[in-house]
Amino acid sequence: AKNQKTLAAFFTKK
Amino acid sequence: MLEARLEQASILKKVVDAIKDLVQDCNFDCNDSGIALQAMDNSHVALVSMMLKSDTFSPFRCDRNIALGINLNSFQKVLRCAQNEDILTLKADDSPDVVSLVFESSEQDRISEYDIKLMDIDQEHLGIPDTEYAATITMPSGEFQRICRDLSALSESVAIEAEKNAVKFVCNGDIGNGAISLRNHSSVEKPEQNVNIELSEPVALTFSLKYLVNFCKASGLSGSVKLCLSNEVPLLVEYELASNSYLRFYLAPKIGD
């Protein structure tokens with residue numbers, strides 16, 4: 001099964 | 001102070017219509033380069049990034065950085081009071097409590113003036129790295145909308161598989177499966193139907209159709225849409241607007257364990 005990732009896994013907080 | 005005049009109210013109406021089901025309260029960040037917005041949906045899976053460059057407006061004046069915190073539902077209510085062809089002017093003071101909107105009919109001597117109360121929005125900003133995407137697909141926005149809508153009837157998610165000269169949208173659902181393939185296509189007579197696939201390496205990623213269907217509400221803003229993919233990074237869906245302005249959506253992929 002595939003899990004939905006959140007954007008925090010790819011983009012850093014400014 | 002901010003003063004930004006748009007020749008046609010329809011651009012802003014369409015932008016707000018396109019994003020208001022994804023994000024509710026947003027800061028419109030105004031500075032001398034234009035008006036920008038970045039906001040994530042509540043689940044932090046999708047992100048909207050809008051840039052309306054100063055050249056989109058005529059004239060455009062913004063002396064200082066001003067953040068206009070606006071509830072998009074309220075914004076939409078007021079924008080619905082503008083005719084598509086109206087000239088729209090946004091105005092705000094340097095430390096504003098309200099943003100003012102003036103709608104002028106180019107044909108009639110009608111001027112409508114509205115204010116929207118602003119809110120303090122503490123918004124997280126994400127740094128989006130410049131990415132050399134492995135696949136960039138440009139296709140008619142209506143075609144992408146149809147594909148997402150059709151496949152969403154069968155499944156919650158779609159696999160987008162880009163390979164040389166072709167892109168495939170594949171879904172597997174409870175009632176059955178679906179797959180749509182598009183190839184490079186260019187026509188001088190109907191350039192609006194062109195499909196262009198640029199690829200440096202094959203990509204296959206899975207995305208939630210619920211969000212893609214939502215992004216497609218922006219289809220009225222541009223005849224074509226650009227999909228940018230690299231393995232294991234968020235999808236970029238871009239609608240280009242006049243004067244290098246844009247409405248972009250990012251969507252985190254579904255990845256296996």
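Quick note on labels: first sequence line is chain A, next is B, and so on, each numbered from 1. Fair warning: this is a prediction, and the values are worked out from it, not measured in the lab.
- The side-chain heavy atoms of B:Ser222 and B:Tyr246, taken from C-beta on, include no pair separated by under 4.5 Å.
- With ring centers used as reference points, B:Tyr250 lies under 6.0 Å from A:Phe11.
- Other residues, nucleotides and ligands place no more than 12 heavy atoms under 6.0 Å from the CG atom of B:Asn244.
- Within residues 121-131 of chain B, the residues approaching chain A closer than 4.5 Å by heavy atoms are, in numerical order, B:Glu124, B:His125, B:Leu126, B:Gly127, B:Ile128, B:Pro129.
- Taking the charged nitrogens against the carboxylate oxygens, B:Lys217 and B:Asp21 do have a contact shorter than 4.0 Å, which makes a salt bridge.
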With a cut-off of 3.5 Å and sequence neighbours excluded, list every side-chain donor-acceptor pair involving residues 195-202 of chain B.
unit_1, atom_1, unit_2, atom_2, d
B:Asn196, ND2, B:Glu198, OE2, 3.1
B:Ser200, OG, B:Ala134, O, 3.4

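- At a 4.5 Å heavy-atom cutoff, B:Ser157 makes no contact with chain A through either its backbone or its side chain.
- The two residues B:Gly256 and A:Lys2 have their closest heavy-atom pair at N-CG, 3.8 Å.
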